Engineer: 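One structure coming up, written as structure tokens, with questions to follow.
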Number of protein chains: 2
Amino acid sequence: MRNAEKTKERLLQAAEAEFSQSGFSGARVDVICREANVNKRMVYAYFGSKEKLYTAVLHNLYQRLAHRETALLEEYQNSEDTERVIEAIIADNFQFLKDNPSFVRMLMRENLDQIADLSVAMFEKTNAMNLLRRAIERGMASGQLKADLDVDQVLLTLTTLCFSYFSNIHSMSILMKTDFTSDEQIEKRERVLTQMMLSYLRKQEEQRS
Amino acid sequence: MRNAEKTKERLLQAAEAEFSQSGFSGARVDVICREANVNKRMVYAYFGSKEKLYTAVLHNLYQRLAHRETALLEEYQNSEDTERVIEAIIADNFQFLKDNPSFVRMLMRENLDQIADLSVAMFEKTNAMNLLRRAIERGMASGQLKADLDVDQVLLTLTTLCFSYFSNIHSMSILMKTDFTSDEQIEKRERVLTQMMLSYLRKQEEQRS
DNA sequence: TGATAAAGTAAATGAACAGTTACTTATGGA
DNA sequence: TCCATAAGTAACTGTTCATTTACTTTATCA
């Protein structure tokens, strides 16, 4: 009946929903407690303050991301097939962002608010970026990809294209009168982006349909 | 000494700064008043409520955008040169987003919060999107561009790439250890994006260096 | 079994804040 | 010049909310 771990877990989950929905200052500790079915007192017992609860939520989300990235890295770090690696990274990104809408929202808020130190620390450890960078550099060296690519710009483009599909999905749906939140549209977007990026990166003579 | 118009204007400007900085619930009416050097009472006399003040700020920003877009439309709506039109639209987007960081922030917040009715209404009137659509369709018909493009996806890509450079500029600067806010980097990004999009859209045989 | 520490509750406290009220001062037309 | 009205001020009100306090219940192990 009494279980500190479970209670913490429920608080964390409710907090993730509330903070990603309403932001730090918009979020209500009372709402979090109501949703979690936990007494307000426990927030302070377990987390210390609203702010520390927010940080815990953020930390938790970055953990999930890091976990996926590690798996991806292990699978592909020795792959010679540049195009497969790029495809896999895009696919992984799409899957993660689709499965974790609150991650998308929290990251948007981090971009708006101040980029908490925690985020800075996590960004610096990110693996997928390094994997992608190495894949592109290897592809350029081996002649699979164009030789004159600006690697940083390519990374920027690719990362940005994945993330912003999800972060601007609402305004874009209105702007283009299409529901981009459907699975069908998400899959389509992934396909289009992958093809576009590959066709841009590939050497001309290796161009395929 | 007393001037209702000037007072309103000062309030609006201070409100734009405060709302885009802190969001609706994070923004403090007292801060807006202090910055504007205006008594709190006047917010309620002139705008009615915090919420209506927010709406006025948003409206004002959309007006600025619409103004630019109309000018762009007049200049390019009859142009036959698809590539020049695309270049001009990207250039205009970059200029506007660079000059109006609070627009970027407010739009991010609209995406996060709920997309106010006002935003929906403004999105529906947007001109640059239609101009771009027509330019691409014309380019496809005339054979300047690939014939099998998915126009909606291209519009999505282009709009997104411009906006998200500015909206994610902070996390990206950290992630890639580069200050993307400098004029130099902004110009570089515009150049790279323009070239990338054009090289992707062009028919293969018309490919240039 | 019963004492003690952990888990949980309900209600209070006080600060921050949006919105109001009652009042004062400047301005411009009669 | 004076008065009607618009512009502006300062202090107050009521609410919302994060955080605390004082108290109760449950579990565990000596």
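All chains are named by letter (A, B, ...) in the order of the sequence lines, taking the proteins before the strands, and each is independently numbered beginning at 1. As the structure is a computational prediction, the values presented were derived from the model and not from experiment.
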Engineer: Checking side-chain hydrogen bond (donor to acceptor under 3.5 Å, both in side chains) between B:Gln153 and each of A:Lys188, A:Gln195, A:Arg189, which is the one that passes?
Structural biologist: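 Only match with B:Gln153 under side-chain hydrogen bond (donor to acceptor under 3.5 Å, both in side chains): A:Arg189.
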
Engineer: Is the ring centre of B:Phe24 less than 6.0 Å from the ring centre of B:Tyr54?
Structural biologist: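 Aromatic pair counts; centres sit under 6.0 Å.
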
Engineer: To the nearest Å, how far apart are B:Arg10 CZ and D:dA7 C1'?
Structural biologist: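 In whole Å, D:dA7 C1' and B:Arg10 CZ are 11 Å from each other.
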
Engineer: Rounded to whole Å, how long is the line connecting atom CD of B:Glu9 with atom C1' of D:dA7?
Structural biologist: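 Whole-Å distance recorded here is 17 Å.
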
Engineer: Quick one: A:Arg34 CZ to D:dT16 P, roughly how many Å, whole number?
Structural biologist: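 Nearest whole value for this atom pair: 13 Å.
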
Engineer: In whole angstrom, give the distance that lies between atom CD of B:Glu5 and atom P of D:dG8.
Structural biologist: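 Checked: the CD to P distance equals 11 Å.
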
Engineer: Round to the nearest Å and state the distance from A:Leu11 atom CG to C:dG8 atom C1'.
Structural biologist: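 Nearest whole value for this atom pair: 12 Å.
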
Engineer: Charged N to carboxylate O below 4.0 Å: is that the case for B:Glu35 and B:Arg10?
Structural biologist: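 Result for this pair is no, no salt bridge flagged.
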
Engineer: Please work out whether the ring planes of A:Tyr165 and A:Phe94 are parallel, tilted or perpendicular, with thresholds of 30° and 60°.
Structural biologist: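 Parallel, since the angle between the ring planes stays under 30°.
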
Engineer: Assign a letter to each nucleotide of nucleotides 18-27 of chain C from its 5' end: B, base within under 4.0 Å of a protein heavy atom; S, sugar-phosphate only; -, no contact.
Structural biologist: BBBBB--BSS

Engineer: Indicate yes or no: does B:Glu18 engage B:Arg28 in a salt bridge with an N to O separation below 4.0 Å.
Structural biologist: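 Between B:Arg28 and B:Glu18 there is no salt bridge, as every charged N stays at least 4.0 Å from the carboxylate O atoms.
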
Engineer: Take B:Arg64 and B:Asn100 through the side-chain hydrogen bond (donor to acceptor under 3.5 Å, both in side chains) test and state the conclusion after the steps.
Structural biologist: CA-CA 9 Å; B:Arg64 297 220 284 274; B:Asn100 294 277; 3.0 Å; yes

Engineer: Whole angstroms only, please: what is the CZ-P distance between B:Phe19 and C:dC17?
Structural biologist: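 It works out to 13 Å between those atoms.
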
Engineer: What is the distance, to the nearest angstrom, from the CE atom on A:Met42 to the P atom on D:dT21?
Structural biologist: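 Taking CE of A:Met42 and P of D:dT21, I get 16 Å after rounding.
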
Engineer: In this structure, how many angstroms lie between the P atom of C:dA6 and the OH atom of A:Tyr46, rounded?
Structural biologist: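 Taking OH of A:Tyr46 and P of C:dA6, I get 11 Å after rounding.
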
